[in-house]
Amino acid sequence: QVQLVESGGGLVQPGGSLRLSCAASGSIFIINTMGWYRQAPGKQRELVAAITSGGSTKYVESVKDRFTISRVNTAVYLQMNSLKPEDTAVYYCNLMSAFGLEYWGQGTHVTVSS
């Protein structure tokens, strides 16, 4: 069993910043990638950012230059700056193991509103 616990969501004004954290625990073997997805009301879940075991990163175009993903051991972080109302969503932590097993966190709400 692998558990992913997210924290750091909340309400922030446009232009503000938040830092999401995700801690993985349990029977973790080899991690392939860790990442953050988000799902806004009425929309499909989308990949926001991901980081491989080698440190390579990728971002959805809409957050490039505003969000930064980082990882320390079995924890992954998402620093979100210059937040916009369209960033409002539930953010989910994701872990993909080298064996192809995928795990999800419970989600943390991010609301960007004045």
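These numbers come from a predicted model, not from an experiment.
Ser97 and Asn32 share no side-chain donor-acceptor pair at under 3.5 Å. Residues Tyr37 and Arg45 bring no donor and acceptor atom of their side chains to less than 3.5 Å of each other.
The shortest side-chain heavy-atom distance between Arg66 and Lys84 falls under the 4.5 Å cut-off. Contact of the Lys58 side chain with the Ile51 side chain is not registered, since no non-hydrogen atoms from C-beta on lie closer than 4.5 Å. Looking at heavy atoms from C-beta onward, Asp87 lies out of side-chain contact with Met80 at the 4.5 angstrom threshold. The side-chain heavy atoms of Leu95 and Val76, taken from C-beta on, include no pair separated by under 4.5 Å. Side chains of Tyr91 and Gln39 form no contact here, defined as non-hydrogen atoms less than 4.5 Å apart. Counting heavy atoms from C-beta outward, Pro85 and Ser113 have side chains that stay 4.5 Å or more apart.
Cation-pi geometry between Arg19 and Tyr77 is met: under 6.0 angstrom from the ring centre, within 45 degrees of the axis.
Just one of Asp65, Ile69, Val48 meets the side chain to side chain contact (heavy atoms under 4.5 Å, CB included) condition when paired with Tyr59; it is Ile69. The side chain to side chain contact (heavy atoms under 4.5 Å, CB included) with Val110 is formed by just one residue from the set Val90, Leu18, Leu78; it is Leu18.
By the criterion of side-chain heavy atoms lying less than 4.5 angstrom apart, applied directly or through intervening Ile, Leu, Val, Met, Phe, Trp or Tyr residues, Tyr92 is not grouped with Val112; the two fall into different hydrophobic clusters.
Of the inter-residue distances, the one linking Arg71 atom CZ with Thr57 atom OG1 reads 13.0 Å to the nearest 0.5 angstrom. Rounding to the nearest 0.5 Å places OG of Ser53 at 12.5 Å from CE of Met96. Residue Leu83 holds its CG atom at 11.5 Å from CD of Gln13, rounded to the nearest 0.5 Å. Atom SG of residue Cys22 and atom CH2 of residue Trp104 lie 11.0 Å apart, to the nearest 0.5 angstrom. Atoms CD and CZ, from Glu86 and Arg38 in turn, are 8.5 Å apart once rounded to the nearest 0.5 Å. Rounding to the nearest 0.5 angstrom, the gap separating the CD1 atom in Ile31 from the CG atom in Asn73 is 8.5 Å.
The heavy-atom pair separating Leu4 from Ala24 by the smallest distance is CD2-CB, 3.3 Å. For Thr88 against Ala40, the heavy-atom pair with the smallest separation is O-CB, 3.6 Å.
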Q | Derivation of the side-chain contact (heavy atoms from CB on, under 4.5 Å) call for Leu20 and Gln79 | A | CA-CA 6 Å; Leu20 304 184; Gln79 178 66 43; over 6 Å; no

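Heavy atoms from other residues, nucleotides or ligands lying under 6.0 Å from CD of Gln1 number 12 at most.
The main-chain N or O of Asn94 is never found under 3.5 Å from a side-chain atom of Glu102 such that the two would form a donor-acceptor pair. A donor-acceptor pair under 3.5 Å links the side-chain atoms of Glu6 to the main chain of Cys93, judged by distance alone. Remark: the backbone N or O of Gly15 is not paired with any side-chain donor or acceptor of Ser82 at under 3.5 angstrom.
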